[in-house]
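Chain identifiers are assigned alphabetically (A, B, ...) following the order of the sequence lines, protein sequences preceding nucleic acid strands; residue numbering begins at 1 within each chain.
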Amino acid sequence: MNILQRAFYEREDVVLIAQELLGKMLFTQFNNTITGGIIIETEAYAGITDRASHAFGNKRTFRTEVMYSKGGTAYIYLCYGVHSLFNVVTNKKDIPDAVLIRAIKPIIGVDSMLQRSGKKTVDKEFGTGPGRVSKILGIHFSFTGFDLTVKPSKTAEEGIWLEDNRINILPEKILKGPRVGVDYAGKDALRLYRFRTII
DNA sequence: CATAGGATCGCCT
DNA sequence: GGCGATCCTATGT
């Protein structure tokens, strides 16, 4: 059982965790269908001091409350009224750090993922972009708050979890850049909190 | 109650 | 490469 444990998520350094999530497997199980892929792009959101974070200034609202859960919880919200964006909550309870999963390399259940996307074949964009990641994995914003440290039983209706399949990404293979779509964050928009790797 | 804006995507030109 | 979709959230009156 290689499922990522609570201790992995509850560490303090969200920027480090965002990089370590590269190469990990992200799975979903909905209605007896398991789909999953290798995480290849992430962004770190550093809690209350990061203007790009929804929790900047310790803003606790109905939406952001999930970010204050213990590490290993799913924070999923609706973006532009259309896309469910999937984040992994990190750090201890009441510290609202999170990592946005921006891209995966689809591996398990590719047919099901194609079906969800409405595509016939795998193209270059398949699995890239946070909206598409959720779409092909069947993740809906109503699943926010899910515990990511529990692997569902075979008969369970739904579950989201991550596994370590011992893919090791060397630090020099990690590309760093500014986060996407956070121009409003002033100088925090310049932080190099976006991480990508080529697999 | 009314309004503005968003951690995006896909289609159109 | 430009733009519309689409609806939740936060804020203000």
Completion exercise
Out of B:dA7, C:dA10, B:dT8, minimum distance to the side chain of A:M67 belongs to B:dA7
Handout entry: Presence of A:Y184 side-chain N/O under 4.0 Å of B:dA7 phosphate oxygens OP1/OP2
Key = yes
Exercise for the section: Could you list by number each residue of residues 97-104 of chain A showing a heavy-atom separation from DNA chain B of less than 4.0 Å, or answer none if no residue does? Expected result: A:L100, A:R102
Problem - A:D147/A:K70 ion pair, N-O < 4.0 Å - result: no
Practice task
Return the value, rounded to whole Å, for the distance between atom CD1 of A:I139 and atom P of B:dC9.
Solution key: 14 Å
Practice task
Could you pull out the closest heavy-atom pair between A:S69 and A:T73, with the gap in Å?
Solution key: CB-OG1, 3.6 Å
Practice task
Decide, applying a 5.5 Å centre-distance limit and a 30° plane-angle limit (both strict), whether A:Y45 stacks on B:dA7.
Solution key: yes
Handout entry: Value in whole Å for how far the P atom of B:dT8 lies from NE2 of A:H54
Key = 9 Å
Exercise for the section: Let me know the distance between CG of A:N58 and P of C:dA10, rounded to the nearest Å. Expected result: 14 Å
Handout entry: Side-chain (A:T61) to main-chain (A:T64) donor-acceptor, under 3.5 angstrom
Key = yes
Handout entry: Contact nearer the 5' end of DNA chain C, comparing A:H83 with A:F141
Key = A:H83
Handout entry: Spacing between A:R51 atom CZ and B:dA7 atom P, to the nearest angstrom
Key = 14 Å
Problem - Nearest listed nucleotide, side chain of A:F62, among C:dT9, B:dT8, B:dA7 - result: C:dT9
Fill in the blank from the handout: Testing C:dA10, B:dG10, B:dT8 for proximity to the side chain of A:P130, the answer is B:dT8
Problem - Pairing partner (Watson-Crick or G-U wobble, both distances under 3.5 angstrom) of C:dT9 - result: B:dA4
Practice task
Measure from the side-chain N and O atoms of A:D97 to the backbone N and O of A:G47, and report whether any donor-acceptor pair falls under 3.5 Å.
Solution key: yes
Exercise for the section: Mind checking A:V82 for me? I need base, sugar-phosphate or nothing, with any heavy atom below 4.0 Å counting as a touch. Expected result: base
Exercise for the section: Decide ring pair (Phe, Tyr, Trp, His ring centres under 6.0 Å) for A:F30 and A:F143; before the verdict, give the C-alpha distance in whole Å, the side-chain angles of both, and the deciding distance to 0.1 Å. Expected result: CA-CA 11 Å; A:F30 296 117; A:F143 301 138; 4.9 Å; yes
Practice task
Give a yes/no verdict on a cation-pi contact between A:R63 and A:F141, requiring under 6.0 Å between NZ or CZ and the six-membered ring centre and an angle within 45° of the axis.
Solution key: no
Exercise for the section: Round to a whole Å and report the spacing from OH of A:Y80 to C1' of C:dC8. Expected result: 14 Å
Completion exercise
Separation of B:dT8 atom P from A:E125 atom CD, nearest Å, is 14 Å
Practice task
Measure the spacing between CG of A:N91 and CG of A:D13 and express it to the nearest 0.5 Å.
Solution key: 9.0 Å
Handout entry: Whole-Å gap separating C1' (B:dA7) and CD (A:E41)
Key = 12 Å
Problem - Nucleotide nearest A:L78 when distance is taken to its side chain, options C:dT9, B:dT8, C:dC8 - result: C:dC8
Practice task
Rounded off to whole Å, could you give me the OH-to-P distance for the A:Y77 and B:dT8 pair?
Solution key: 6 Å
